[in-house]
A.B. asks: 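Would you mind keeping the following structure in view while I ask a few things?
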Amino acid sequence: MNKKIKISQSLMKGYAEYHQGNECGLAFKARYITKEVAFPSSEAMLLGNYFEYHATGSIPRNGGIPNGEVTKQGKLTAPYERAFASASFCKALFRHFDINILETNYLLEDEKEKGYLDVFAEWNGQKVIIDLKYTSLIEDKWSDFGWHIDFLPQKENILIQGVSYKKLAKSVLGIVNIPFYFWVFDAKNPLNVRIIEEIVDDNRFEQHQQAVDNTLYMIEQNIKSDNWIPRPNLLRCASYPLLAT
């Protein structure tokens, strides 16, 4: 492959899963390197895409407009009704806070890293990044993807996003220490939302850059050797499209 690899948060997390023995090397290669097949979206991802489309108008990067799941009577199912209600509430909050949306699904990339900003906006006279989350784990303490506020400082897999995007905003846009917010919407209650600003210490930027460099080096070595360890697992393999290729 001649195309230069750039680190995204999903790529970094995916490689960490592979490196730790929790992901199949062939699946990682197909998903992130060759992109030879399209992997199906989970129900949570489909709901998130539907919510974000109706909240901001942003179309998923696969180009398809999200359609809600409907009943036999042609009405939205309860999960999609809640997602639509949350999206309406999100738009109302944008208006209430007088947030001027400049870009959605906004790509920032430098020499080694890239990321898509859900919302790049002006808020209270300054440029900000807003990352939208739609989750059923807003009160969860123990899951790696849980958003309970008391345990959030321990969730580096979540907080790494703010570090990456603030770093990209500095290197690409020249904005130093841009405010970064998670807007977390509850998939169980459309009126429940948490607005969380992530504050990043300078040493975390250095640690993040080292992690990016290390991940990029290891992936490039795997690509050169084309040595990807397969890890067959019946349940995991049954959900992957590789068997059909």
Side-chain angles (χ1 to χ4, degrees), residues 1-42 45 60-62 105-118 120 129 131 133 143-145 152-178 180 182 198-233 236-237 239-243 245:
M1 289 186 62
N2 296 322
K3 187 175 179 180
K4 183 177 177 61
I5 296 293
K6 292 190 178 183
I7 299 296
S8 66
Q9 292 313 296
S10 60
L11 175 59
M12 181 175 282
K13 293 172 185 177
Y15 191 77
E17 286 293 300
Y18 166 63
H19 190 65
Q20 293 164 12
N22 300 321
E23 176 61 288
C24 170
L26 300 182
F28 175 86
K29 176 186 175 183
R31 186 192 298 267
Y32 294 106
I33 307 303
T34 63
K35 301 180 182 179
E36 60 196 86
V37 293
F39 281 70
S41 298
S42 67
M45 292 169 63
R61 289 189 288 280
N62 64 14
N105 199 24
Y106 184 34
L107 173 63
L108 296 183
E109 57 182 335
D110 59 17
E111 184 180 351
K112 295 182 178 180
E113 196 170 3
K114 68 178 182 179
Y116 289 86
L117 315 186
D118 287 346
F120 179 54
I129 297 170
D131 195 78
K133 301 296 183 186
S143 168
D144 287 343
F145 303 100
L152 196 55
Q154 304 171 20
K155 308 291 180 67
E156 182 60 26
N157 64 308
I158 289 176
L159 298 180
I160 192 175
Q161 191 167 6
V163 182
S164 174
Y165 288 7
K166 286 166 78 80
K167 173 183 168 292
L168 282 169
K170 179 181 179 181
S171 62
V172 178
L173 303 176
I175 304 175
V176 178
N177 200 26
I178 189 172
F180 177 93
F182 291 112
E198 182 175 352
I199 307 299
V200 179
D201 295 331
D202 288 343
N203 66 315
R204 288 181 64 204
F205 289 115
E206 297 176 6
Q207 294 168 0
H208 175 74
Q209 186 61 58
Q210 184 174 17
V212 167
D213 291 342
N214 290 342
T215 302
L216 189 58
Y217 174 78
M218 290 187 290
I219 290 176
E220 288 174 344
Q221 294 307 303
N222 281 118
I223 291 173
K224 288 178 182 178
S225 65
D226 198 27
N227 181 24
W228 303 95
I229 302 172
R231 296 190 176 98
N233 176 286
R236 184 169 60 209
C237 292
S239 67
Y240 284 173
L242 292 175
L243 295 179
T245 62

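Keep in mind the model is a prediction, meaning the values are calculated, not measured. Just so it is clear, the values below take in all heavy atoms, side chains as well, and ignore hydrogens, waters and symmetry mates.
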A.B. asks: For Lys13, which residues count as a salt bridge (Lys or Arg N to Asp or Glu O under 4.0 Å) partner, sequence neighbours excluded?
C.D. replies: none
A.B. asks: Please check if any side-chain donor atom of Asn177 sits under 3.5 Å from a side-chain acceptor atom of Lys166, or the reverse.
C.D. replies: yes
A.B. asks: Report the residues that fulfil salt bridge (Lys or Arg N to Asp or Glu O under 4.0 Å) with Lys6, sequence neighbours left out, ordered by chain and then residue number.
C.D. replies: Glu109
A.B. asks: Using a 6.0 Å cut-off, check whether atom CD of Gln221 has over 12 heavy atoms from anything other than its own residue.
C.D. replies: yes
A.B. asks: Which salt bridge (charged side-chain N to carboxylate O under 4.0 Å, His left out) pairs, counting each pair once, include a residue from residues 206-221, with sequence neighbours left out?
C.D. replies: Lys112-Asp213
A.B. asks: Salt bridge (Lys or Arg N to Asp or Glu O under 4.0 Å) with Asp131: which residues, sequence neighbours excluded?
C.D. replies: Lys133
A.B. asks: Write down the atom of Gly115, the atom of Leu168, and the distance for their closest heavy-atom approach.
C.D. replies: N-CD1, 3.6 Å
A.B. asks: Looking at residues at least two apart in the chain, or sitting in another chain, which of them share a side-chain contact (heavy atoms from CB on, under 4.5 Å) with Gln154?
C.D. replies: Phe151
A.B. asks: Can you see which heavy atom on Ala169 is nearest to which on Ile178, and at what distance?
C.D. replies: CB-CG2, 3.6 Å
A.B. asks: Working to the nearest 0.5 angstrom, can you tell me the gap between Tyr165 OH and Leu117 CG?
C.D. replies: 6.5 Å
A.B. asks: Can you tell me how far CZ of Arg204 sits from NZ of Lys167, rounded to the nearest 0.5 angstrom?
C.D. replies: 14.0 Å
A.B. asks: Quick one: salt bridge (Lys or Arg N to Asp or Glu O under 4.0 Å) partners of Asp144, sequence neighbours excluded?
C.D. replies: none
A.B. asks: So does Ile229 get a backbone contact from the side chain of Tyr18, meaning a donor-acceptor N/O pair under 3.5 Å?
C.D. replies: yes
A.B. asks: Rounded to the nearest 0.5 Å, what's the gap from CG on Leu152 to CD1 on Ile158? Could you check?
C.D. replies: 5.5 Å
A.B. asks: Tell me whether Asn203 at atom CG has more than 12 heavy atoms from other residues, nucleotides or ligands lying less than 6.0 Å away.
C.D. replies: yes
A.B. asks: Supply the atom-to-atom distance Ile33 CD1 to Leu26 CG, rounded to the nearest 0.5 angstrom.
C.D. replies: 12.5 Å
A.B. asks: Let me confirm one number: the OH-CD1 distance from Tyr106 to Ile129, rounded to the nearest 0.5 Å.
C.D. replies: 10.0 Å
A.B. asks: In Å, rounded to the nearest 0.5 Å, how long is the span from NE2 of His208 to CG of Leu159?
C.D. replies: 12.5 Å
A.B. asks: Just say parallel, tilted or perpendicular for the rings of Tyr15 and His19, cut-offs at 30° and 60°.
C.D. replies: parallel
A.B. asks: State whether the number of non-hydrogen atoms from other residues, nucleotides or ligands found under 6.0 Å of Lys155 atom NZ is greater than 12.
C.D. replies: yes
